[in-house]
Amino acid sequence: MLVVVALGGNAIQPKESKGYPEEQWAAVRRVARALAEIVSEGFEIVVTHGNGPQVGYLLEAMENLPLKTPRQTLDLAVAMTQGWLGFLIAHSLEEELARLGVARRVAVIPTRVLVSLDDPEFSNPSKPVGGYYGREDAEVLHKTLGWVFREDPRGGYRRVVPSPKPLKILETPILKSLLEEKIIPIAAGGGGIPVASVDGTLKPVEAVIDKDLASSLLAVELEADMLTILTDVPGVAINYNTPKRLWLRRVKTWELKKYYERGEFPPGSMGPKVLASIEFVEKTGRKASIGLLEEAFKVIRGESGTLIEA
Ligand code: ADP
Ligand code: MG
């Protein structure tokens, strides 16, 4: 049984942590324990992960470099986070597997994802990245670097970048070979590095792909038996921010769509997880689950979290 396991950004940098290396290792250790348990029970896994806090950190670091130092592009920043987080997860996972007496290796694969420049996001970018700016600084950055800014509801201005729909994972054949060799791949980190066809050649683009949607596409391409999205809440709820909150245990895609259309799941958080799950289930007829990272194994078995079925 092959499961694509998507880890939320909080798996590596919990909301309460500042982002020191020791904190990252401690958080990833918990993740690795959960993943090692799944593998030791006989499941094959492919691990994907978010990168919000880390890509934000890199962008902020670049903003604070001396002016003569070149700035790197967003596609390179995503690639950096794939190596960074991939290393943390792979190293910890191999250690935890060894502790359980499971001799398996883990490979980190920098992953490119095809997007289309015709995607409406390129003319109307929606995804905020990096820090908050005052109006004047935002204007300067817009003039000098061409960055697009949006006023943020929390005050100030933030850079927004396109978040196009993922169309194809370029490294899928490599991931299949690794799985045949019993190597555990870590792939599509941060939703993958976006590339688009320009005059017949593939070029990197400055955009950010949602990691839940990329994970869903990867699960379809790998013909996985399940998509499991691990995060910091015990599943999908309706009436989430009200006293009438109800956690969904098992839900059919048609029901979930109805809740989605009612606006139960915000675009920046639970929305993409729900969409990603619906897409996987509808395309494959298989199941998806969403739940707490700490209960990963139970979530995969449908004993905890929300199970989404056709
Ligand atoms: P991740 O880093 O794992 O992708 P996100 O912050 O993007 O995590 O999404 C998880 C968050 O979604 C939860 O912390 C929760 O506060 C929020 N959320 C919003 N609406 C809902 C809902 N209807 N049910 C469950 N969680 C929700
Ligand atoms: Mg998220």
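No experiment lies behind these values; they were computed from the predicted model shown. Counting convention: from 1, in listed order, for ligands and their atoms alike.
Proximity of G50 to ligand 1 is not established, as no heavy-atom distance is less than 4.0 Å. Ligand 1 has G235 within reach: a non-hydrogen atom of the residue lies less than 4.0 Å from it. Residue contacts with ligand 1: G52 is excluded, as none of its non-hydrogen atoms falls under 4.0 Å.
Of the options P14, S269, P234, the smallest heavy-atom separation from atom 11 (C) of ligand 1 is shown by S269.
For a threshold of 3.5 Å applied to N or O pairs, the pair formed by G9 and ligand 1 contains at least one separation below that value. The N/O atoms of T231, backbone and side chain alike, include one that comes under 3.5 Å of an N/O atom in ligand 1. Geometrically, ligand 1 and A237 share a nitrogen or oxygen pair separated by less than 3.5 Å.
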Point to revise | Working for side chain to side chain contact (heavy atoms under 4.5 Å, CB included), residues L222 and T172 | key: CA-CA 7 Å; L222 291 173; T172 292; 3.9 Å; yes
Review point. Checking side chain to side chain contact (heavy atoms under 4.5 Å, CB included) for the pair L248/Y259: CA distance, chi angles, key distance, verdict?
Key: CA-CA 11 Å; L248 304 172; Y259 298 139; 4.1 Å; yes
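Judged by distance alone, the side chains of Q54 and T81 never bring a donor and an acceptor atom under 3.5 Å apart.
For the pair K258 and E255, the salt-bridge criterion is not met [side-chain N within less than 4.0 Å of a carboxylate O]. In this structure, E96 pairs ionically with R29, as a charged nitrogen and a carboxylate oxygen lie closer than 4.0 Å. The residues E121 and K127 are annotated as not salt-bridged, no charged nitrogen and carboxylate oxygen being separated by less than 4.0 angstrom. Using a 4.0 Å cut-off between charged side-chain N and carboxylate O, K182 and E44 make a salt bridge.
Heavy atoms of other residues, nucleotides or ligands lying less than 6.0 angstrom from NZ of K176 number more than 12.
Neither the backbone nor the side chain of P272 has any atom closer than 4.0 Å to an atom of ligand 1 (non-hydrogen atoms only). If you look at V233 next to ligand 1, the close heavy atoms, those under 4.0 Å, all belong to the side chain.
Between the side chain of R249 and the backbone N or O of G305, at least one donor-acceptor pair lies under 3.5 Å. Between the R150 side chain and the P125 main chain, a donor and an acceptor come within less than 3.5 Å of each other. A donor-acceptor pair is defined here as one N or O able to donate and one able to accept, closer than 3.5 Å; such a pair exists between the side chain of D225 and the backbone of L2.
Among L100, L97, V106, the single residue meeting the side-chain contact (heavy atoms from CB on, under 4.5 Å) criterion with V39 is L97.
Residue, atom and distance of the protein heavy atom nearest to atom 16 (O) of ligand 1 are Y240 OH, 2.8 Å. Distance from atom 27 (C) of ligand 1 to its nearest protein heavy atom, with residue and atom name: M270 CB, 3.6 Å. Nearest protein neighbour of atom 1 (P) of ligand 1, counting heavy atoms only, is K273 NZ, 3.4 Å. Protein heavy atom closest to atom 6 (O) of ligand 1, with residue, atom name and distance, is K15 NZ, 3.9 Å.
Contact atoms of ligand 1 toward E264: 23 (N) (distance under 4.0 Å to a heavy atom of the residue). Close approach of ligand 1 to G268 is summarised as follows: ligand atoms under 4.0 Å from at least one heavy atom of the residue are 7 (O). Taking a cut-off of under 4.0 Å to the non-hydrogen atoms of D232, the atoms of ligand 1 that pass are 10 (C), 13 (C), 14 (O). Per-residue contacts place P266 under 4.0 angstrom from the following atoms of ligand 1 (heavy atoms of the residue considered): 19 (C), 20 (N). Counting atoms of ligand 1 from 1 in the listed order, those under 4.0 Å from a heavy atom of K211 are 4 (O). Near F265, the atoms of ligand 1 lying under 4.0 angstrom from a non-hydrogen atom of the residue are 23 (N).
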